[in-house]
Amino acid sequence: MTPKGHKESKAKKEAAARRKTAARKPPAQEVPAQAPPAADVPPRAPAPAAPVPAQAAVPRAEVAVSPAVDAGDRARLLHGTHHDPHSVLGAHPVPGGVAFRAFRPYARAVTVVSGELRAELHDDGDGFFSALLPLTEVPVYRLLVTYDGAVHETEDAYRFLPTLGELDLHLIGEGRHEQLWRALGAHVTTHQGVTGTRFAVWAPNARGVRVTGGFNFWDGTGFPMRSLGGTGVWELFVPGIGDGELYKFELTRPDGSRTLRADPLARRTEVPPATSSIVHASHHEWGDAEWLAHRADTPVHEAPFSVYEVHLPSWRPGLTYRRLAEQLPAYVKEMGFTHVELMPVAEHPFGGSWGYQVTGFYAPTARLGTPDDFKYLVDKLHQAGIGVLMDWVPAHFPRDEWALAEFDGRPLYEHHDPLRAAHPDWGTLEFDFGRREVRNFLVANAVYWCEEFHIDGLRVDAVASMLYLDYSREPGQWTPNEHGGRENLDAVAFLQEMNATVYRRCPGVVTVAEESTAWDGVTRPTHHKGPSGFGGLGFGMKWNMGWMHDSLQYMSHDPVHRAYHHHEMTFSMVYAYSENYVLPISHDEVVHGKRSLVSKMPGDWWQQRANLRAYLGFMWAHPGKQLLFMGQEFAQGAEWSEAHGPDWWLLDPAYGAEADHRGVRDLVRDLNGVYRATPALWQRDTDPAGFEWITGDAADDNVFAFLRRDAEGTPLLAVCHLAPVVRHDYRLGVPEEVPAWVEVLNTDAARYGGGDLTHPDVVKPEPQPWHGRPASIRLTLPPLATVWLRPA
């Protein structure tokens with residue numbers, strides 16, 4: 001027999017003897033680990049095989065390798081700069097058996113346990129433990145870690161394959177992962193049969209990343225993450241931790257310094273001013289299937305759309321999302337609004353920013369509850385038949401050192417050019433819309449709120465600041481685009497991509513632009529180019545800031561001067577159909593010294609309220625959807641303050657002027673009621689055929705009269721009289737096809753606090769031509785009032 005054959009025969013006999021001996025031993029037997037050979041022995045073998053069931057021990061190979069972590073890997077692991085800890089730690093087949101390596105700082109001992117196998121690893125110092133076990137394949141195993149006074153049995157995080165697949169990484173690299181939140185962030189999952197949390201973060205400039213949290217006493221030394229190729233994504237599956245765990249990422253910057261950061265894709269956060277991210281697993285069961293099934297039945301611009309804008313933390317101070325769900329849907333439904341618009345709910349460190357400086361783009365603010373609590377609120381609003389819009393802030397983010405600013409040690413989410421990065425107005429940083437991963441982060445975020453929280457619309461904040469390179473910048477502080485223009489081509493491409501993606505993925509959702517300039521085609525489809533050469537931005541609607549500014553300026557004039565400013569109320573019709581408009585009286589108009597809506601009105605208290613009521617009647621009848629900020633529906637006299645919210649006490653029956661405020665609120669409720677029941681007021685908001693002036697030039701009388709028509713041509717006549725006098729027998733031309741008119745709303749009605757100059761009887765036309773029409777009617781116009789009439 002040859003020497004080789006002799007050795008093989010002897011090995012078989014020894015293995016058989018060991019199997020017989022093992023059968024007679026207790027299950028948790030000790031298997032001796034081989035001591036590390038001399039330092040000059042060749043280093044470890046690379047790449048572990050996929051874990052398989054434990055195998056019986058075999059004799060040592062003639063040439064074995066040291067199981068200990070070599071000096072280079074050891075230093076990188078200790079300093080948090082290792083890009084592939086899984087190639088070092090865990091279990092790896094090597095010549096002579098399987099090398100086990102663990103990195104457990106502060107541990108006194110580490111033991112490998114696998115079925116009947118039990119082997120204590122050698123303490124190599126600095127928290128490193130290793131052993132070479134005479135096994136043929138890598139077993140499924142656990143670690144028994146001994147600390148001072150405690151023994152902890154756990155899975156080894158470094159025995160698991162990556163939790164992100166090639167498709168995820170490809171889409172992230174291309175900037176096209178439309179559900180990015182499902183790949184990055186923290187997710188409770190079962191991986192290779194083990195329950196735990198997978199962590200993933202994009203940090204391409206980092207030299208190393210570690211995950212740290214309450215589960216490791218905020219020392220991430222023993223939890224280094226691995227870099228997944230050239231995508232810049234770092235990943236680690238941590239067994240045994242789940243919902244509710246606090247965590248952050250510890251990044252080693254290019255210069256070797258370290259920074260502790262909240263997860264950019266955290267779906268839950270601590271309550272500010274605390275800044276940790278929280279592992280979140282949703283358990284909410286939705287009950288709004290019927291709402292979602294019919295949300296897209298009618299295009300938004302052809303449907304009633306009356307919006308109540310709300311700052312959730314101050315609407316009723318002290319209420320949580322769940323307590324709000326008990327009160328807000330009922331109030332909004334009673335008032336007749338079709339939608340609520342929530343000022344930004346994404347997490348933000350400073351409450352005084354009202355949510356417009358976001359650090360947690362994927363997390364509803366924890367001030368009011370958990371993400372599931374917020375879902376509960378949205379669910380209850382839907383079940384009450386109320387749509388939910390939310391303000392979304394993709395233009396900029398604050399500079400907090402634990403958030404996005406220079407996230408991995410270099411400009412990442414912000415533009416690399418400091419002049420392009422610094423927002424000149426708010427001391428914040430602008431996103432780099434030209435970087436595909438950043439664009440992906442924001443586009444996926446828009447989709448996230450719509451898909452995960454069933455949001456029905458996104459009102460996009462500060463669009464103008466995104467569109468122009470010279471926005472709030474002096475000459476020399478900005479660089480023209482490649483065509484020599486001032487347009488931010490990257491931002492244009494981002495907004496087009498965001499809108500196209502949201503509309504494709506989320507039927508019935510609407511996007512609304514807060515855009516204060518005359519940018520061409522804000523609500524034009526992205527594939528239709530306009531005179532400027534740009535495709536449309538693709539928004540569904542746009543805030544009509546021009547109408548808001550002009551009409552409020554007109555209303556602020558004393559009536560004696562209004563004749564000289566008549567055009568401020570009529571000019572909006574020159575461009576009313578250039579975009580799909582919303583008429584906004586938002587929070588921005590009732591803060592910072594601008595006064596509340598009723599306080600903008602001239603005259604004594606009676607005239608102020610009359611002016612307000614007339615203005616609201618004009619607003620609800622004007623082409624375009626409408627939005628009203630909380631507190632203005634009952635003529636709050638003070639500016640809004642986030643510290644105490646609306647002055648609900650004004651509606652307390654014990655308050656002497658309660659009737660004055662309740663009258664205005666009753667008017668808003670009735671405006672919404674008549675509006676929703678009258679297709680002429682909303683069905684053709686974007687169609688010029690839905691509007692006709694009766695008289696737009698009666699400046700001396702302070703009168704505006706016009707018709708609104710629905711798709712069948714049925715009219716509603718709106719007459720707005722903004723002088724503090726009564727005009728008897730005021731003649732107005734009307735269509736001859738209407739045989740009689742009936743008053744459906746009069747802002748001067750006594751129940752609203754007016755003088756009660758109404759028209760209780762049917763109004764019949766006379767065959768006297770007027771205003772270019774063959775017939776006319778005569779009305780008594782109340783002072784400072786708006787009257788609506790419809791065919792009898």
### Task
Look at the side chain of S314 and the backbone N and O of P317, then say whether any donor-acceptor pair between them is shorter than 3.5 Å.
no

### Message
Run the ring pair (Phe, Tyr, Trp, His ring centres under 6.0 Å) test against F571 and tell me which residues pass, sequence neighbours left out.
### Response
Y575

### Query
For the ring-ring contact (aromatic ring centres under 6.0 Å, His included) test, which of F397, F431, W449 pairs with F361?
F431

### Query
Which residues pass the ring pair (Phe, Tyr, Trp, His ring centres under 6.0 Å) test with Y503, sequence neighbours left out?
none

### Message
Within the supplied structure, the quantity of interest is the number of heavy atoms (other residues, nucleotides, ligands) at a distance under 6.0 Å from K529 NZ; does it exceed 12?
### Response
no

### Query
Within the distance-only criterion (no hydrogens, no angle test), does the side chain of R524 pair as donor or acceptor with the backbone N or O of H528 below 3.5 angstrom?
yes

### Message
I'd like to know if the side chain of H82 and the backbone of D84 have a donor-acceptor N/O pair within less than 3.5 Å.
### Response
yes

### Query
Is there a donor-acceptor pair under 3.5 Å between the side chain of N216 and the backbone N or O of G213?
yes

### Message
Just to verify, what does D391 make a salt bridge (charged side-chain N to carboxylate O under 4.0 Å, His left out) with, not counting sequence neighbours?
### Response
R459

### Task
Considering only NZ, NE, NH1 and NH2 on the basic side and carboxylate oxygens on the acidic side, decide whether D263 and K248 come within less than 4.0 Å.
no

### Message
Here's a test for you: under ring-ring contact (aromatic ring centres under 6.0 Å, His included), which of F199, F160, F223 qualifies with F237?
### Response
F160

### Task
Sorted by first residue and then second, give each salt bridge (Lys or Arg N to Asp or Glu O under 4.0 Å) pair with at least one member in residues 440-452; sequence neighbours left out.
R182-E452, E451-R505

### Message
Using a 3.5 Å distance criterion without hydrogens, assess whether the side chain of E579 forms a donor-acceptor pair with backbone atoms of V522.
### Response
yes

### Query
Counting heavy atoms not belonging to R399, are there more than 12 under 6.0 Å from its CZ?
yes

### Message
List the residues meeting ring pair (Phe, Tyr, Trp, His ring centres under 6.0 Å) with H396, not counting sequence neighbours, and say none if there are none.
### Response
H423, W426

### Query
Under the 3.5 angstrom rule, does the side chain of Y448 hit a backbone N or O of Y362 as a donor-acceptor pair?
yes

### SB check R486 D470 (cutoff 4.0 Å)
yes

### Message
As a quick check of understanding, evaluate ring-ring contact (aromatic ring centres under 6.0 Å, His included) for F629 and W640, giving each step before the final call.
### Response
CA-CA 9 Å; F629 182 57; W640 167 65; 5.2 Å; yes

#### Entry: NE2/H644: more than 12 non-hydrogen atoms of other groups inside 6.0 Å
yes

### Message
Please enumerate all residues that pass salt bridge (charged side-chain N to carboxylate O under 4.0 Å, His left out) together with R367, with sequence neighbours excluded.
### Response
E347

### Task
Walk me through it: do V512 and F539 pass the test side-chain contact (heavy atoms from CB on, under 4.5 Å)?
CA-CA 6 Å; V512 185; F539 284 94; 5.8 Å; no

### Qualifying salt bridge (Lys or Arg N to Asp or Glu O under 4.0 Å) pairs, either residue in residues 199-222, two or more places apart
R210-E250

### Message
So, using salt bridge (charged side-chain N to carboxylate O under 4.0 Å, His left out) as the criterion, who are the partners of D400 when residues are at least two apart?
### Response
none

### Query
Does A346 offer a backbone N or O that forms a donor-acceptor pair with the side chain of H348 under 3.5 Å?
yes

### Message
Under the salt bridge (Lys or Arg N to Asp or Glu O under 4.0 Å) definition, can you give me all pairs with a residue in residues 428-444, not counting sequence neighbours?
### Response
E430-R473, R435-E437, R439-E497

### Message
Using only atom types and a distance under 3.5 Å, with no angle test, would you say the side chain of T269 pairs donor to acceptor with the backbone of A266?
### Response
no

### Query
ring-ring contact (aromatic ring centres under 6.0 Å, His included) between W354 and H592: does it pass, once the steps are laid out?
CA-CA 13 Å; W354 310 330; H592 300 322; 5.5 Å; yes

### Message
According to salt bridge (Lys or Arg N to Asp or Glu O under 4.0 Å), does anything in residues 270-282 pair up with another residue at least two apart or in another chain? List the pairs.
### Response
none

### Query
Would R74 and D126 satisfy salt bridge (charged side-chain N to carboxylate O under 4.0 Å, His left out), going step by step from the backbone distance to the final call?
CA-CA 9 Å; R74 186 180 180 114; D126 291 330; 3.3 Å; yes

### Task
Run the salt-bridge test on R267 and D372 with the 4.0 Å N-O cut-off and return the result as yes or no.
no

### Message
Hydrogens and angles aside, do W543 and E514 bring a side-chain donor and acceptor to less than 3.5 Å of each other?
### Response
no

### Message
If the condition is ring pair (Phe, Tyr, Trp, His ring centres under 6.0 Å), which residues does F407 pass it with, not counting sequence neighbours?
### Response
none

### Query
Donor-acceptor pair, D461 side chain versus W392 backbone, under 3.5 Å?
no

### Task
Give a yes-or-no answer on whether the side chains of S596 and E639 include a donor-acceptor pair shorter than 3.5 Å.
no

### Side-chain (Q496) to main-chain (G536) donor-acceptor, under 3.5 angstrom
yes

## Note on the structure
Residues passing the salt bridge (charged side-chain N to carboxylate O under 4.0 Å, His left out) test with K542, sequence neighbours excluded, are E515

### Query
How about Y413 and W202: are their ring centres within less than 6.0 Å of each other?
yes

